[in-house]
Amino acid sequence: GLVFEARRQFDRAYQIYESLIQLEPDLAENFFRGGIALKALRDYAQAAHLFQRAAELDPDNIEIALRTANTYRSVGKYDDALRILKDLRKRHPGNETAIFMAALIYTDAGRTDDAAREYDYLIARGRREATEIAVVMPFGTPIPPSPDTSQAILAAFRSRGSLLAFGRDL
C-alpha cells in the first residue's frame, strides 16, 4: 500500500488496505492508511469513516485524530471535527496543531469570535514562551513581539472574517 501511495496510485493503495482491514480488523494503521488513500481519491465520507474507526482503535494517536478532524472539515461537518479536536485537547492540552485547526474550522463555520479566541490563545502562549526570544530580521535586527498582535488579528476577523486578510495587510 505504501508503495502505491508513493506512486500516487491511491486506488490500488486502497485495495491493499481494504484487504488488510479484512485480515486485521483491530489494527488502527490499516484503517488510517486506507483513509489517507480514500481522501486522496476525494471520497471524504468513506475516508472519515475509516479515520474514525482508526481513532476508536487508537484514541491517543494525535495524527489520526487530526486527520479525522480535517476530513470532517473537508465535508463541512464542523461540529464533528470540533468534537474530535476537543477530545484530543483533553488528552493533549498543549497541542498547538489542534488549537490552530480548531481556529480554522471555526473560521470555515463563520464563527469568527471563536476562531479569534483560539488565535488569541496561541499568541498569548507564544508570548509566554518567547519572553527571551525576539524575531530576527535578515540583517540581524532583533524585533520584539508586538503586544498589539492579537488585537490586530481580532480586528481583521471582525472586519473581513479572515486571517488571510490580516496577513495581506502586513
Side-chain angles (χ1 to χ4, degrees), residues 1-130 133 150 153 157 161-164 166-167:
L2 292 173
V3 170
F4 290 123
E5 280 184 55
R7 293 180 182 165
R8 307 196 59 75
Q9 296 175 352
F10 296 106
D11 54 339
R12 294 183 74 186
Y14 176 68
Q15 290 172 355
I16 299 292
Y17 297 128
E18 190 175 37
S19 296
L20 290 171
I21 288 168
Q22 298 303 316
L23 291 171
E24 297 181 274
D26 295 327
L27 187 60
E29 183 71 15
N30 294 333
F31 289 92
F32 178 65
R33 302 297 329 164
I36 290 172
L38 286 174
K39 189 169 181 192
L41 293 169
R42 300 182 194 279
D43 186 349
Y44 299 114
Q46 185 63 17
H49 174 73
L50 291 183
F51 285 140
Q52 184 62 45
R53 181 66 183 130
E56 291 166 4
L57 291 169
D58 189 359
D60 287 325
N61 188 309
I62 294 171
E63 187 176 1
I64 289 173
L66 291 172
R67 294 257 187 167
T68 306
N70 195 42
T71 302
Y72 281 134
R73 176 185 177 217
S74 297
V75 295
K77 292 186 174 185
Y78 303 125
D79 289 337
D80 290 335
L82 291 167
R83 177 185 45 78
I84 288 167
L85 293 175
K86 182 180 178 182
D87 291 344
L88 174 63
R89 290 169 71 176
K90 283 180 185 175
R91 287 185 173 87
H92 305 278
N95 189 289
E96 292 178 356
T97 304
I99 298 164
F100 183 72
M101 186 179 291
L104 294 174
I105 293 167
Y106 282 132
T107 301
D108 290 350
R111 295 171 57 182
T112 55
D113 286 341
D114 290 327
R117 184 189 70 240
E118 298 291 353
Y119 286 119
D120 277 342
Y121 173 80
L122 286 172
I123 290 165
R125 181 179 170 160
R127 279 196 195 119
R128 283 192 307 272
E129 293 174 0
I133 298 172
S150 62
I153 289 175
F157 270 111
S162 167
L163 182 62
L164 293 176
F166 171 74

Below 4.5 Å, heavy atoms only, C-beta onward: do [X] and [Y] meet side chain to side chain?
X      : Y     : answer
Asn95  : Ile99 : no
Phe31  : Glu29 : no
Arg33  : Glu5  : yes
Leu2   : Tyr17 : yes
Gln15  : Phe4  : no
Leu50  : Ile21 : yes
Arg111 : Leu82 : yes
Ile84  : Gln52 : yes

Nearest heavy-atom neighbours spanning [X] and [Y]:
X      : Y      : answer
Ala98  : Leu85  : O-CD1, 3.9 Å
Ser74  : Tyr44  : CB-CD2, 4.0 Å
Ala47  : Gly35  : CB-O, 3.5 Å
Ala115 : Ala103 : CB-O, 3.4 Å
Tyr106 : Glu118 : CE1-OE2, 3.7 Å
Ala81  : Ile105 : CB-CD1, 3.5 Å

Centre-to-centre under 6.0 Å for Phe100 and Tyr119, is that the case here? yes
Supply the atom-to-atom distance [X] [atom1] to [Y] [atom2], rounded to the nearest 0.5 angstrom.
X     : Y     : atom1 : atom2 : answer
Lys77 : Asp79 : NZ    : CG    : 11.0 Å
Lys39 : Thr71 : NZ    : OG1   : 4.0 Å
Thr68 : Glu56 : OG1   : CD    : 9.5 Å

Do Asp120 and Arg117 sit within salt-bridge range, that is, some charged N less than 4.0 Å from a carboxylate O? no
Between Ile62 and Thr97, is a side chain to side chain contact (heavy atoms under 4.5 Å, CB included) present by the stated rule, with each step listed? CA-CA 10 Å; Ile62 294 171; Thr97 304; over 6 Å; no
So, applying side chain to side chain contact (heavy atoms under 4.5 Å, CB included) with Phe51, which one of Asn70, Leu66, Ile36, Leu38 is it? Ile36
Given Arg67 and Ile64, is the side chain to side chain contact (heavy atoms under 4.5 Å, CB included) satisfied, shown in steps? CA-CA 5 Å; Arg67 294 257 187 167; Ile64 289 173; 5.9 Å; no
